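Since we're looking at a predicted model, the values are computed, not measured.
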Amino acid sequence: MEETDQAIIAELAADGRMSYTDLANKVGLSVSAVHQRVRRLEQRGVISGYAAKVDYEAIGLPLTAFVAIRPHDPAAPDDAPERLAHLTEIESCYSVAGEDFYILLVRVASPSDLERVLAEIRTKAHVTTRTTVVLSTPFEHRPPGLAVPLE
């Protein structure tokens, strides 16, 4: 990928609400050239959307946990994501290599809520779980390590 496109992606990943004028100034292009490049990146699927960064503690979901799941019967159909899709407490579901089949990112209000969600995960998906509770988050949602932004 061309260096200017990488710089555009890095800037938008850091601030998806950046104006085209500010973006153009950061990467050294005209506003119309930046607009065209962003539109092409969106059309190619390189940029798939824009999202708000949420302070989960501020919205009443201060407890974050990673839940590794493994089926009771490895020969059973691999349908855990479909069985768990209704649980809104699961923010992300990652298919992983290794002993576990999936790792779930779960956000809840309290330890008792986590306990309830874990019981539902085990029941609905017929899996065993291994849970790691997050104590603090020094950083997350960092922009990708692409080209150094042009200035």
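To the nearest 0.5 angstrom, L61 atom CG is 9.0 Å from T88 atom OG1. Taking CD from E140 and OG1 from T64, the interatomic distance works out to 7.0 Å, rounded to the nearest 0.5 Å. Rounding to the nearest 0.5 angstrom, the gap separating the SG atom in C93 from the CG atom in L105 is 10.5 Å. With rounding to the nearest 0.5 Å, the separation of CD1 in I121 from NE2 in H126 is 13.5 Å. Interatomic distance, E89 CD to L114 CG, rounded to the nearest 0.5 Å: 10.0 Å. In this structure, CD in Q36 is found 12.0 Å from CG in L41, a value given to the nearest 0.5 Å.
Cluster membership for I9 and V31, using ILVMFWY side-chain heavy atoms within less than 4.5 angstrom, is shared. In the hydrophobic clustering of this structure, I103 does not group with I90; members are Ile, Leu, Val, Met, Phe, Trp, Tyr whose side-chain heavy atoms approach within less than 4.5 Å, directly or through other members. Residues V108 and V133 are members of one and the same hydrophobic cluster, defined by side-chain heavy-atom contacts under 4.5 angstrom among Ile, Leu, Val, Met, Phe, Trp and Tyr. V38 and V46 fall within the same hydrophobic cluster, where Ile, Leu, Val, Met, Phe, Trp and Tyr residues are linked whenever their side-chain heavy atoms come under 4.5 Å apart, directly or through other members.
Under a 3.5 Å cut-off, the side chain of R130 and the backbone N or O of V67 do not form any donor-acceptor pair. Looking at D100, its side chain never comes within 3.5 Å of a backbone N or O of Y102 through a donor-acceptor pair.
Side chain to side chain, S110 and S112 meet the donor-acceptor criterion of an N or O pair below 3.5 Å. For the 3.5 Å distance criterion, the side chains of N25 and Y20 fail to qualify, holding no donor opposite an acceptor.
With Y56 as the aromatic partner, R107 meets the cation-pi criteria of under 6.0 angstrom to the ring centre and within 45 degrees of the ring axis.
The heavy-atom pair separating S19 from D22 by the smallest distance is OG-N, 3.0 Å. A pairwise comparison of heavy atoms in D5 and R44 identifies OD2-NH1, 4.1 Å as the closest pair. Taking every heavy atom of both residues into account, T4 and L29 meet most closely at CG2-CD1, 3.5 Å. When all heavy atoms are compared, the tightest approach of S30 to A33 is OG-N, 3.1 Å. Taking every heavy atom of both residues into account, E57 and P62 meet most closely at CG-CB, 3.9 Å. Heavy-atom minimum distance, P111 versus L63: N-CD1, 3.6 Å.
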* Apply side-chain contact (heavy atoms from CB on, under 4.5 Å) to Y50 and L12, showing your working. => CA-CA 9 Å; Y50 302 87; L12 288 176; 4.1 Å; yes

* **Worked check of side-chain contact (heavy atoms from CB on, under 4.5 Å) between R70 and V127** => CA-CA 5 Å; R70 176 180 321 160; V127 295; 5.8 Å; no

* Kindly determine whether F66 and V134 satisfy side-chain contact (heavy atoms from CB on, under 4.5 Å), including the steps that lead there. => CA-CA 8 Å; F66 291 98; V134 175; 3.6 Å; yes

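A salt bridge is absent between K124 and E82; no separation between the charged side-chain nitrogens and carboxylate oxygens falls under 4.0 Å.
Considering only residues two or more places apart in sequence or on other chains, R122 meets the salt bridge (charged side-chain N to carboxylate O under 4.0 Å, His left out) condition with none of them. Residues satisfying the salt bridge (charged side-chain N to carboxylate O under 4.0 Å, His left out) test with R39, not counting sequence neighbours, are none.
Counted within 6.0 Å of CD on E2, heavy atoms from surrounding residues, nucleotides or ligands total more than 12; the atom is thus considered enclosed.
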